[in-house]
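Right, one structure below, let's go through it.
All heavy atoms count here, side chains included; hydrogens, waters and symmetry mates do not. Just so you know, residue 1 is the first one in the sequence shown, and it goes up from there. Just so it is clear, the structure is predicted and the values come from calculations on it, not from any experiment.
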Amino acid sequence: MSVRDNPPPSRSRQIANILLLVSGVFLLINLIFPQLFGPKIPQVPYSMFIDLVQDGEVARAYVEQDQIRFQLQPEEEDKPGKVLSTTPLALDLELPNRLESNGVEFAAAPPPRSNWFTSLLGWVIPPLIFVAVWRFFLMRGGGGPQGALSISKSKAKVYVQDDETKVTFDDVAGVDEAKVELEEIVEFLKNSDRYTRIGARIPKGVLLVGPPGTGKTLLAKAVAGEAGVPFFSISGSEFVELFVGAGAARVRDLFEQAKTKSPCIIFIDELDAIGKSRSGNGGFVGGNDEREQTLNQLLTEMDGFAAGENTVIVLAATNRPETLDPALLRPGRFDRQVLVDRPDLSGRLKILEIYAQKVKLADAIDLKEIAVRTSGFAGADLANLVNEAALLAARNNREKVTQADFFEAIERVVAGLEKKSRVLNDKEKKIVAYHEVGHALVGALVPGGNKVSKISIIPRGMAALGYTLQTPTEDRYLLDEAELHGQIATLLGGRSAEEIIFGNVTTGATNDLQRATDLAERMVTSYGMSKVLGPLAYQKGQQNSFLGDGMGGNPRRMVSDETAKAIDAEVKEIVESGHQRALDILNHNRDLLEDITQKILDLETIEGETLQSLLNQVQNPDKVPTST
């Protein structure tokens with residue numbers, strides 16, 4: 001996709017304009033301050049001037065109010081005397097008598113002589129400078145009557161599709177439902193008469209919402225590629241300026257350009273930059289005049305008296321739909337809201353197939369296994385994963401990307417880079433080994449735990465001294481109470497192993513405790529999984545947020561002290577129950593804990609079939625066979 005803008009001036013034209021501007025400035029300075037570039041007259045003290053007059057060495061003098069220029073007697077008859085200058089004293093009233101008595105010719109300084117060339121420069125150069133400066137601003141503004149004041153000119157770029165860079169729906173995968181919605185928009189643009197003949201109204205706007213990296217901008221480009229119509233692209237932040245009213249003027253200019261090329265598409269990325277609610281949500285008091293005027297103009301252009309009947313469809317993308325103004329989301333403006341969510345297993349596989357075509361793959365590559373291991377990855381994450389695997393292959397001087405490169409790339413994205421410079425002493429390495437094996441043993445037995453695919457005591461990332469890699473076997477959207485209890489027990493497995501082996505605990509379980517406590521609190525306050533408190537929600541209703549978990553501040557409702565104490569007691573009970581379950585599993589499998597830990601201390605990493613054969617030996621303490 002290429003950008004069609006005004007062609008830049010040639011290099012020679014740019015140089016000529018610069019030379020014209022510089023020469024004009026130089027001549028203007030010369031006219032105003034001619035003494036800057038003329039020969040400088042030596043300056044002497046006034047006392048020396050008086051001494052020279054009395055000694056008869058001054059031939060003539062030109063007296064001005066703030067300067068006296070005088071010429072000395074010539075040393076040789078055929079050469080003029082030296083010219084000097086001095087600054088006179090305002091109270092020296094005897095100067096004319098002194099000059100006359102010493103035979104010095106003196107007079108007032110003659111006015112500067114002007115010639116036709118100087119007069120011509122005085123009349124011609126200023127207009128030339130004005131023209132040069134005006135052309136400079138016109139060039140910077142892109143020409144036209146608004147070039148000199150391009151603040152109000154739209155900065156939208158018009159994209160023209162070509163065969164090499166054209167993006168179509170075939171280049172987008174993992175968001176099939178969104179593609180179906182947008183394919184109908186393409187039909188509106190291609191065959192609008194088919195809909196208008198029966199009285200159907202073409203949608204004015206389509207809002208793409210979803211987490212970052214899911215392909216909202218890519219989908220907009222695909223719509224433009226499929227429809228084959230002009231495509232105006234601009235970011236929401238490009239409307240906002242320091243001067244109030246500039247954003248609204250740019251909105252007007254953008255829609256005027258779009259209406260002249262109807263049917264067309266306007267794509268506004270990061271719509272929340274100008275479309276935030278005017279009601280002051282989030283405790284914000286007051287407003288932003290510039291942003292609100294820009295939003296009001298956008299509302300008017302989309303569905304107001306100035307909207308017109310031109311086929312201009314506005315595509316917009318945001319990952320903060322909860323902050324948008326309700327007037328922007330009503331029918332008649334953004335008629336449709338299309339969710340572009342993270343892909344499922346089949347979607348991830350299709351995305352990997354698209355990006356894998358751009359790199360050289362080894363023969364034994366199983367993209368489905370990679371898709372299984374990348375649950376929760378967005379399209380941008382998968383593109384980065386493929387690129388990271390290719391970089392690893394090239395770094396190791398391989399001609400093709402192998403399966404091992406993909407697995408290492410997944411670990412880099414999930415856990416971070418290996419910290420080979422972070423050397424643990426023997427005691428710390430032993431603690432980390434027992435900690436990670438404790439996670440693995442509990443996770444292999446309790447429900448809700450993902451498949452443990454790797455245990456490592458090699459430090460990675462910013463804080464991880466070791467890690468247990470669990471990969472989901474399928475995409476899950478619902479979890480029952482037993483599975484949540486199992487996840488809490490798995491999180492506390494590392495701390496429980498430290499208690500059993502060393503009799504004390506370390507700071508290595510900080511993140512595990514935080515995550516376990518948060519999950520237990522959500523079970524009580526959000527999911528209604530408390531027999532004591534009942535099926536009630538004690539958490540404030542949170543709007544869907546694609547940035548973070550939306551848990552900022554204290555999310556609890558206003559509750560009584562007794563209820564707050566009951567909530568804290570229930571959270572503590574759930575966490576302690578998971579802790580005790582982890583202790584029971586590890587105590588029952590103490591020998592296996594010791595065996596796996598010793599192996600990982602020797603190898604530093606255990607994965608694959610070796611790990612699975614060891615974890616298959618884990619026994620459930622609740623199902624101990626009784627002797628007869």
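- With values rounded to the nearest 0.5 angstrom, Leu385 atom CG is found 12.0 Å from Tyr355 atom OH.
- Looking at every heavy atom in both residues, Ser456 comes nearest to Thr605 through OG-OG1, 3.5 Å.
- No salt bridge links Lys221 with Asp171; every basic N to acidic carboxylate O contact stays at or beyond 4.0 Å.
- No side-chain heavy atom of Ile313 sits under 4.5 Å from any side-chain heavy atom of Val229.
- Note that OG1 of Thr217 is 4.0 Å distant from CG of Asp269, once rounded to the nearest 0.5 Å.
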Decide side chain to side chain contact (heavy atoms under 4.5 Å, CB included) for Leu339 and Gln337; before the verdict, give the C-alpha distance in whole Å, the side-chain angles of both, and the deciding distance to 0.1 Å.
-> CA-CA 7 Å; Leu339 175 63; Gln337 298 183 28; over 6 Å; no

Evaluate the side chain to side chain contact (heavy atoms under 4.5 Å, CB included) criterion for residues Asp335 and Val206: first the C-alpha distance (whole Å), next the side-chain angles of each, then the deciding distance (0.1 Å), finally the verdict.
-> CA-CA 6 Å; Asp335 303 80; Val206 178; over 6 Å; no

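- Using a 4.5 Å heavy-atom threshold, the side chains of Thr468 and Thr490 count as separate.
- For Ile455 against Ala440, the heavy-atom pair with the smallest separation is CD1-CB, 3.4 Å.
- Atom CZ of residue Arg581 and atom OG of residue Ser496 lie 12.0 Å apart, to the nearest 0.5 angstrom.
- Residues Gly236 and Ile274 share a closest heavy-atom pair of O-CG2, 3.3 Å.
- With hydrogens and angles disregarded, no donor-acceptor distance shorter than 3.5 Å links the side chain of Ser530 to the backbone of Val524.
- Checking side-chain atoms of Ser235 against main-chain N and O of Glu238 turns up no donor-acceptor pair under 3.5 Å.
- Interatomic distance, Asp344 CG to Lys350 NZ, rounded to the nearest 0.5 Å: 8.5 Å.
- The shortest distance between side-chain heavy atoms of Phe406 and Glu369 does not fall below 4.5 Å.
- Shortest non-hydrogen contact noted between Asp480 and Met529 is C-CE, 4.5 Å.
- By the 4.5 Å heavy-atom criterion applied to side chains, Thr597 and Leu601 are counted as neighbours.
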Going through the checks in order, is the side chain to side chain contact (heavy atoms under 4.5 Å, CB included) test met by Ile457 and His435?
-> CA-CA 10 Å; Ile457 58 173; His435 185 102; over 6 Å; no

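- Note: Tyr434 and Phe502 have perpendicular aromatic rings, judged against thresholds of 30 and 60 degrees for the angle between ring planes.
- Side-chain N or O atoms of Asp381 include one that pairs as donor or acceptor with a backbone N or O of Ala378 at under 3.5 Å.
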Could you give me the CA-CA distance, side-chain angles and deciding distance for Thr510 and Thr507, then say whether side chain to side chain donor-acceptor pair (under 3.5 Å) is met?
-> CA-CA 6 Å; Thr510 303; Thr507 59; 5.4 Å; no

Take Ile585 and Val446 through the test side chain to side chain contact (heavy atoms under 4.5 Å, CB included) and record every step on the way to the result.
-> CA-CA 9 Å; Ile585 293 174; Val446 298; 3.8 Å; yes

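- Between the side chain of Lys216 and the backbone N or O of Gly210 there is at least one donor-acceptor pair closer than 3.5 Å.
- Interatomic distance, CD of Glu498 versus CG of Asn504, reported as 8.0 Å (0.5 Å rounding).
- Here the side chains of Arg412 and Leu392 are in contact, with some heavy-atom distance below 4.5 Å.
- The CD atom of Glu388 sits 6.5 Å away from the CZ atom of Arg395 when rounded to the nearest 0.5 Å.
- Between the side chain of Asn616 and the backbone N or O of Gln612, at least one donor-acceptor pair lies under 3.5 Å.
- In this structure, the side chains of Arg320 and Lys276 come closer than 4.5 Å at one or more pairs of heavy atoms.
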Before giving the answer on side chain to side chain donor-acceptor pair (under 3.5 Å), spell out for Glu270 and Ser237 the whole-Å C-alpha distance, their side-chain angles and the decisive distance to 0.1 Å.
-> CA-CA 8 Å; Glu270 304 299 340; Ser237 59; over 6 Å; no

Given salt bridge (Lys or Arg N to Asp or Glu O under 4.0 Å), test Glu183 with Lys179 step by step and report yes or no.
-> CA-CA 6 Å; Glu183 283 173 355; Lys179 284 168 60 175; 5.7 Å; no

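- Between Arg398 and Asp405 there is a salt bridge, with a side-chain nitrogen of the basic residue lying less than 4.0 Å from a carboxylate oxygen of the acidic one.
- Cation-pi geometry between Arg348 and Phe377 is not satisfied (NZ or CZ under 6.0 Å from the ring centre, within 45° of the ring normal).
- Contact between Phe169 and Ala222 at its shortest, heavy atoms only, is CD2-CB, 3.8 Å.
- With contacts defined as side-chain heavy-atom distances shorter than 4.5 Å, the pair Asp512/His439 qualifies.
- Within 6.0 Å of CZ in Arg515 there are 12 or fewer heavy atoms belonging to other residues, nucleotides or ligands.
- Between the side chain of Lys565 and the backbone N or O of Ser560 there is no donor-acceptor pair closer than 3.5 Å.
- Of all non-hydrogen atoms in Leu361 and Ala356, the two that sit nearest each other are CD1-CB, 3.5 Å.
- A heavy-atom distance below 4.5 Å is not found between the side chains of Glu570 and Ile567.
- Asp518 and Gln514 share a side-chain donor-acceptor pair at under 3.5 Å.
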